[in-house]
Amino acid sequence: MTTEHIVTSYEDELASLDSKIAQMGGLTETLVAQAFDALCKGDVASANNVILDDAKIDEYELEIEEQAVTMIARRQPMALDLRQIMVAIKITSDLERIGDLGKNIAKRVLSIHSEIQPIQLMHGMKSMQDLALSQLKDVLDAYAERNTEKALAVWRGDEEIDAIYNSLFRELLTYMMEDPRNIGLCTHLLFCAKNLERIGDHTTNIAENVHYLVLGTNISEARPKGDNTSRMLINQDD
Amino acid sequence: MVATHIVESEAPMLDKKLDVNDQDANNLAEAETTNVDPAKKSTKITSEDIDVYYGEKQALFGINLDIPENSVTSLIGPSGCGKSTYLRCINRMNDVIDICRVSGTIKIDGNDIYDPSLDVVELRARIGMVFQKPNPFPKSIYDNIAYGPRIHGLTESKDELDELVESSLVKAGLWKEVKDRLAGPGTGLSGGQQQRLCIARAIATKPEVILMDEPCSALDPIATATIEELIDELRTNYTIVIVTHSMQQAARVSQRTAFFHLGKVIEEGETTQIFTNPQNEKTQDYITGRFG
């Protein structure tokens, strides 16, 4: 455990930065979960709530950024403190993007709520969101605990989300080929899946920042990249 | 348009970012080559196992520190940690304190400066020193600078001395401000000017090393910035060791930093590394203001 600052108000400011990130992270988790829930249930009211809630996340981002800038100006932070403040700015912006991606899923509910959603597809989507959410939860814990092992586990775990995304991509293409009337729904679902995959990427960014925060160095391994969909083609023989 | 920084070295750092958009790769490469890794510079001063005692009390414990040439090395640490004591070992200022005893080896360019056959006066001409409070002699500005060269017999004619006085004042960035009042008293200058006068005085004896003991702690921020800009310019020709209580100053002006605590060097390394990712917990606690 690190020693406390001689200046207690500095210590308080750093602690408040941490607690604001924890609150913002919690809000982001809830928002993504609600957005996905609304998608599964075709719940328009709940989707609208999610869209409104995203504004709160944006407010957190502004507040944390402002506090970080003030602290840099007033405290001229060094070493660990400097890293904590820089990392706070970066994590906040990743969380804000995750919030946007959640909101985007909610917006799609408004377009596709009346259509019947193929159960098997939604099953794959569900496991993808479960994984994305548990990764997000773990990385926020890793940040709060300053736990690099946990952060590394999250960082490596992103590959699994990518793998599910690849298989969902194939599945959705298959549905679209089977019946062109599925194309509208499946395109929206494909974007939802892509959003979840992007949430995984932002979570990975946060994991990298936790590593930097604690150790002052970047993760030396090459980042696992599992999203192959950019190279996938429709192949009738598949 | 934004006014330029007093400290020029801050400008390229900011420009570097802009250049990326400008696709001006040349500028970028140039900016990078000027930031030569100080670790690659050859060592000017080596210290091995330096112990210093004031009577019974030991002030320094086995200091091993290498100082690279043509760069700025800052010594930081809480009051009484031994950084000034170490600085004073480098020009043998501790000799004048009766109860002070120094053991170990300090070499400049490989030559032991505590060698009994060495002329201390000559050594001090090679090592200039600037103190916390500007301390101009109660003489004219001209004589402040000319004093050292005269006693060391560095010049042969009045013209040569005039030239040396001028070039020293130019190097210290003071010439333009004082060229019309060289006969005026050195003590009549402002604090920042007096400090630059002291730096000019130190430069006049053509030293290789300049030691600075908190040179800016009695100055306002603008005068401080001027001195820092000067330090940055001087490092191309001199090896500079600076003791400072301002962590920000150490971060700004130096390429290497050594952290002293209770008479020992706790950590020493590249300044950027020390201030972003120190390896020792004590260093971190000190530079972040957590010292317990």
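Below, chain A is the first sequence line, B the second, and so on; all start at residue 1.
Within 6.0 Å of atom NZ in A:Lys20, more than 12 heavy atoms from other residues, nucleotides or ligands are found, so the atom counts as buried in its surroundings. Heavy-atom neighbours of B:Lys44 NZ from other residues, nucleotides or ligands within 6.0 Å: above the threshold of 12. Under a cut-off of 6.0 angstrom, the local environment of NZ in A:Lys56 is sparse, with at most 12 non-hydrogen atoms contributed by other residues, nucleotides or ligands. Counted within 6.0 Å of OH on B:Tyr54, heavy atoms from surrounding residues, nucleotides or ligands total more than 12; the atom is thus considered enclosed. Within 6.0 Å of the NZ atom in A:Lys194, the count of heavy atoms belonging to other residues, nucleotides or ligands exceeds 12. Within a 6.0 Å sphere centred on CD of B:Gln132, other residues, nucleotides and ligands contribute more than 12 heavy atoms. Around CD of A:Glu66, the count of heavy atoms belonging to other residues, nucleotides or ligands within 6.0 Å does not exceed 12.
Listed for the B:Arg290 side chain is no donor-acceptor partner under 3.5 Å among the backbone atoms of A:Glu4.
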Exercise for review: Begin from the C-alpha positions of A:Met78 and B:Gln248 and carry the test side-chain contact (heavy atoms from CB on, under 4.5 Å) through to its verdict.
Suggested key: CA-CA 9 Å; A:Met78 291 284 193; B:Gln248 278 75 25; 3.9 Å; yes

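For a residue to count as touching a neighbouring chain, one of its non-hydrogen atoms must lie under 4.5 Å from one of that chain's; by this rule A:Leu213 does not touch chain B. Residue A:Leu80 touches chain B through both its backbone and its side chain, counting heavy-atom pairs closer than 4.5 Å.
Rounding to the nearest 0.5 Å places CD of B:Gln284 at 8.5 Å from OG1 of A:Thr3. Here the OH-CD1 distance, from B:Tyr286 to A:Ile6, works out to 9.0 Å after rounding to the nearest 0.5 Å.
Heavy-atom pairs under 4.5 Å with chain B were tallied for A:Leu215, A:Thr217, A:Val7; the largest tally goes to A:Leu215.
In terms of heavy atoms, A:Tyr10 sits closest to B:Thr288 at CE2-O, 4.0 Å. Nearest heavy-atom pair across A:Ala79 and B:Ile287 is CB-CD1, 3.7 Å.
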